[in-house]
Number of protein chains: 2
Amino acid sequence: MRGAEINTWQAVQTEVLRRIRAHIWRPGDAIPHEEALAEEFGCARATVNRALRQLAEDGLLDRRRKAGTRVTLNPSRKAKLDIPVLRVEIESKGMRYFHEIVSREVAAPPLAARARLQAKPGEEHLHLVALHMGDDAPYVYEDRWINLAAVPKARKVDFTAISANEWLVRNVPFEGGEIAFSAVVATKRDAAILRCAQGDGLMAIDRITRRAGQVVTAVRQTFKPGYQLQAQL
Amino acid sequence: MRGAEINTWQAVQTEVLRRIRAHIWRPGDAIPHEEALAEEFGCARATVNRALRQLAEDGLLDRRRKAGTRVTLNPSRKAKLDIPVLRVEIESKGMRYFHEIVSREVAAPPLAARARLQAKPGEEHLHLVALHMGDDAPYVYEDRWINLAAVPKARKVDFTAISANEWLVRNVPFEGGEIAFSAVVATKRDAAILRCAQGDGLMAIDRITRRAGQVVTAVRQTFKPGYQLQAQL
DNA sequence: ATGGATAATAACTATATACATATTATCCGA
DNA sequence: TCGGATAATATGTATATAGTTATTATCCAT
C-alpha cells in the first residue's frame, strides 16, 4: 500500500513518516530544514513545505519559524470522525429511514437546559423530541431545543416532513459548536422510546451549535443499544 | 473573530465559507472555477487552490477535475478528536497519574479475541490488564493483547515502569488501525476494578493497531462513569 | 549580569508559469 | 444509436523566485 505515490509531495511525506516511525528522527528531535530536505529529495522547497505542513496539521510534527521543525514529543493519535445527518447514516446502512415527532412545544427551557442554551429567563425556545427509525426499529432519539430568538422561522416549520437536524443544516448558516460523547444507562423513558431494556448502556451525543455568538440549538441524541461509533486512526 | 485574516488564502477561504453559509452558493451548486475566483479576488490561482483544497478536505466542497467545484450536498460534520496517551490526558487535567498491572500472562488468545487479532491457533500473545489512575481514583482500565510474533521485545518489558500504551507508541512504529467507541454496562468485574456500581454506563474504546499487515495490539479501554469524550466541530 | 537593539534564520505566504491528469463533451464512423 | 477516438477543460502538482514574519541568537551599552 505504502509507496504507491505518484506525487512528489506524497513521496516526501511518506518518507518523512517512515523516518519518524522507524525512529530515525525521534520524538523531540529537530529534523533538517526545508531547504536541506528539498535538496536531499531533489525537489523544490515548496514541495517539502506541502508535505511537512500536512504532517504538522496531523500532529506529528511541531513547526515554528526560525526554531525549525521537530517530531512531536507526545504524539496524540488524531481520529477523524464524521457525523453525517442521521438520515444519511441510516440509509447508508441499507435501512429505510423514517422519523417521527414524539413531542413538540414552545416553552422556556428549564434551568438545567438554560445554561447550555445561554438563554435568559423567559426566552422562548422550541422543544422537540423526535425518534429516528431504521427499518421501523428505533435507531436514535433526540431531545432538542431550538433558540427561536436566533431562528424565528423554525416556529412554523413542519418537522414531520423534514427532521430538525436536516432543516437546520439546510437553512441556518452556522459557525461552530461543541460535541461530546458519553455513555448513559437507559432510563425507563429511554427504554420505552427506544424499545430496549431499562438499564442498557447507551451512547449519547450532546451537541451545541452556535451562530454569531448565539446558541442556535442544543441537542442530546441517545442511540440504540450496541451502537458503535467508528473511526480510522 | 472572523475577518481577522492577514493572509490572502485565508481571506479567500472565509469569503467562500461566508457565501456557502449565506446560501449564495447552495448545496449542490457549482461555484466559479479557480481562475475566475482568482481574478475576482485579485490573487493567483494557486492561492485560490489552497483555500478551496482545504475546504474540500473539511468536507464542505466537492472537487473533481474538469467537473469543477460544487458545494457538498450532504454536509457531514467532521469532528477531529485526538486520543492522547492516557498519562498525558490525566496529567493535563491536573491529576497525578499512576498505573498498575492487574494481571499479566503469556497465552494463546481465546477464540473471541483471536479473530480481532488475526491470530492463528496456538500463537502466543501477551495478555495485560492494567488500571490507569488519576489522583488514586481509577480512571480507565484496559484489557490488552500484544502480538508477540510482531513485537517479541514486549515479552520482557517491565510494564509497571511504563504503560503498554506508551511503550508501544515509543517503540513500535505502526501504520494504522481502527478505533470504535461504544457504551457498555458495568459488569461486576468492571465495577470491582473501577470502583463503581455494577450497572453504571461506561464508555468503552476498542482499538486495533496494525503494522505491516499484522495486528500489533488490540485493546479495550473501559472508562470511569461520567467520562466524556469531547471534540470541536 | 541585564536589558534592549540588531542580525540571522527557518518557516510562511504569494506569484507566475508549466505541465499532468481526470473527466466531460463532441464528433464521427460503423 | 452506439461505441470509441479526440478535443476541451478544471483541478492537481511542481518549480523558481521573492518577499514576510516569528523567533532565536548575538552583541553592545548600562
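Note that the coordinates shown come from a computational prediction; the quantities given were computed from them, not determined experimentally. Proteins get letters first, then strands, A, B, ... in listed order; numbering begins at 1 in each.
Applying the ring pair (Phe, Tyr, Trp, His ring centres under 6.0 Å) rule to A/Phe41 yields no partners; only residues at least two apart in sequence or on another chain are considered. Scored by the salt bridge (Lys or Arg N to Asp or Glu O under 4.0 Å) test, A/Glu39 finds no partners at all (sequence neighbours excluded). Remark: B/Arg63 pairs with B/Glu34 by the salt bridge (Lys or Arg N to Asp or Glu O under 4.0 Å) rule, at least two apart or across chains. When the ring pair (Phe, Tyr, Trp, His ring centres under 6.0 Å) test is applied to A/Trp167, the partners found at least two apart in sequence or on another chain are A/Phe159. By the salt bridge (Lys or Arg N to Asp or Glu O under 4.0 Å) test, A/Arg70 is found to be paired with no residue, residues two or more places apart in sequence or in another chain being considered. For the salt bridge (Lys or Arg N to Asp or Glu O under 4.0 Å) test, no residue two or more places apart in sequence or in another chain qualifies with B/Arg53. In this structure, the side-chain contact (heavy atoms from CB on, under 4.5 Å) partners of A/Thr72, at least two apart in sequence or on a different chain, are A/Asp62.
Residues B/Arg116 and B/Val219 come closest through the heavy atom pair NH2-N, 4.0 Å.
Here the C1' atom of nucleotide C/dC12 and the CD atom of B/Gln10 are 11 Å apart, to the nearest Å. Atom-to-atom, CZ of A/Arg65 to C1' of C/dT13 comes out at 8 Å; the value is rounded to the nearest Å. Between A/Glu34 atom CD and C/dA11 atom C1' there is a gap of 6 Å when expressed in whole angstrom units. In this structure, CD of B/Glu35 is placed 14 Å from P of C/dT15, rounded to the nearest angstrom. Going from atom CZ of A/Arg70 over to atom P of C/dA11 covers 11 Å, rounded to whole Å. Between the P atom of C/dA11 and the CD1 atom of A/Ile31 lies a distance of 8 Å, rounded to the nearest Å.
Running 5' to 3' along DNA chain D, contacts with non-hydrogen atoms of chain B at under 4.0 Å begin and end at D/dA8 to D/dT13.
Of the residues in residues 36-61 of chain A, those with a non-hydrogen atom less than 4.0 angstrom from any atom of DNA chain C are A/Arg45, A/Asn49.
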